[in-house]
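Here the structure comes first, spelled out in structure tokens, and everything after it is commentary.
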Amino acid sequence: MYRYFIQPQLDKFNNSLIGYEMLIRYRETDQDRWTLPESFDNIPIDVQVSLLKATASELALKIGSVSINFNRKQFLNDDIAAAVIDAQKKLFPVHVIVEVTEEPGEDTFTLAAMQQQIDKYKANGLQFSIDDVGTGINVYDHIKPLLESAEEIKFAMQNFRAEDRENEIPIQLKFWRDIAVQHDIRLILEGVENDAEDQMANDLNISLRQGYYYGKPHLFKWQIARNNLNEFSDVD
């Protein structure tokens, strides 16, 4: 069984909830635990499309945006694109933001193919976000041609931790903050887990944040979702 979990995104300086990221999770029928799928490519396309449409039809949050993340293979799939475009129509005026993550082996997809699909999404009112900047294949030289089409980039500190590059985070974060300013796009800092990291974001004047420090991903409670920071206190 697959379901979408949601994780809050906030503007710390305005003390406001700006949106949710939708994160797909899997549960065996005989288990009482939701886990991250071993491979997103193994999720059948029809399952992803049906789940996305069902979630969109139920989602009635009075928020600015919802984010959905795909790897490049999923992003370039026309059936998924059609489902996401349909979801945007159902959710309007809430913005649907399509995040493109990085995964090993995805450097085989051309920038020309990426740009063509980005144009399709944006022509239908969606926004484009580049996730995991600074790690894997989403390094600056590789994604530079796509920055002009992006409304947002996301810096995932958890990726740097996984690569034993935690000491690089402050310098890399400053670099990507400056890139965001240069291209007039949003920067969301992911993976904030403690007071020190929250303060680092304050010191770097980064207002948009996401992480366990503010709220863990949790199964969407359709009837009681609220557009305020009290949502964070409900997360366990």
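Heavy-atom basis, side chains included; hydrogens, waters and symmetry copies ignored. Since this is a predicted model, take the numbers as computed values, not measurements. Along the sequence shown, residues carry numbers from 1.
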Looking only at non-hydrogen atoms, find the nearest pair between H95 and G125 and report the distance.
ND1-O, 4.4 Å
ILVMFWY cluster, L189 and Y212 together (side-chain gap under 4.5 Å)
no
Would you indicate whether the side-chain heavy atoms of Q9 and S67 approach each other to under 4.5 Å?
yes
If every non-hydrogen atom of P37 is compared with every non-hydrogen atom of I24, which pair is closest and at what distance?
CD-O, 3.6 Å
Do side-chain atoms of D184 reach the backbone of A180 as a donor and acceptor pair under 3.5 angstrom?
no
Are L146 and L111 packed together at the side-chain level, in the sense that at least one heavy-atom pair is separated by less than 4.5 angstrom?
yes
Pairwise side-chain contact, M157 with V192, heavy-atom cut-off 4.5 Å (strictly under)
yes
Are L23 and H218 close enough that some pair of their side-chain heavy atoms sits under 4.5 Å apart?
no
Do R161 and E193 meet the salt-bridge criterion of a basic N to acidic O distance under 4.0 Å?
yes
Can N159 and E163 be said to form a side-chain hydrogen bond (donor to acceptor under 3.5 Å, both in side chains), step by step?
CA-CA 6 Å; N159 289 9; E163 296 179 1; 6.0 Å; no
If we only count heavy atoms from C-beta on, is the D198 to R209 side-chain gap below 4.5 Å?
yes
Between H183 and V181, is there a donor-acceptor pair closer than 3.5 Å when you use the side chain of the first and the backbone of the second?
no
May I have the step-by-step check of ring-ring contact (aromatic ring centres under 6.0 Å, His included) for F155 and F160, ending in yes or no?
CA-CA 9 Å; F155 184 97; F160 283 85; 4.8 Å; yes
Side-chain donor/acceptor of Q116 to backbone N/O of A113, under 3.5 Å:
no
Would you say the side chain of Q172 lies within less than 4.5 Å of the side chain of T135, judging by non-hydrogen atoms?
no
Ring centres of Y26 and W34 under 6.0 Å apart?
no
I'd like to know if D178 pairs up with K174 as an ion pair, taking the criterion as any Lys NZ or Arg NE/NH1/NH2 lying under 4.0 Å from an Asp or Glu carboxylate oxygen.
no
Answer yes or no: is there a donor N or O on one side and an acceptor on the other, between the side chain of E99 and the main chain of E152, under 3.5 Å?
no
Got a donor-acceptor contact below 3.5 angstrom from the D132 side chain to the T101 backbone?
no
Determine the interplanar angle of the F175 and Y140 rings, folded into 0 to 90°, and report it as parallel if under 30°, tilted if 30 to 60°, perpendicular if over 60°.
perpendicular
Check: N71 side chain, Q74 main-chain N or O, donor-acceptor pair, under 3.5 Å
yes
Would you say I97 and I118 are hydrophobically clustered, going by side-chain heavy atoms of ILVMFWY under 4.5 Å?
no
Checking the side chain of Q7 only, and the main-chain atoms of G215 only, is there a donor and an acceptor separated by less than 3.5 Å?
yes
Can you check whether L126 reaches V98 side chain to side chain, under 4.5 Å on heavy atoms?
yes
Is the closest basic N to carboxylate O distance between E102 and R72 below 4.0 Å?
no
Any side-chain heavy-atom pair from H142 and V139 closer than 4.5 angstrom?
yes
So, D11 side chain and F13 main chain: donor-acceptor pair closer than 3.5 Å or not?
yes
Which is it for S129 and E151 under the side-chain hydrogen bond (donor to acceptor under 3.5 Å, both in side chains) test, yes or no, and what are the steps along the way?
CA-CA 6 Å; S129 173; E151 282 82 17; over 6 Å; no
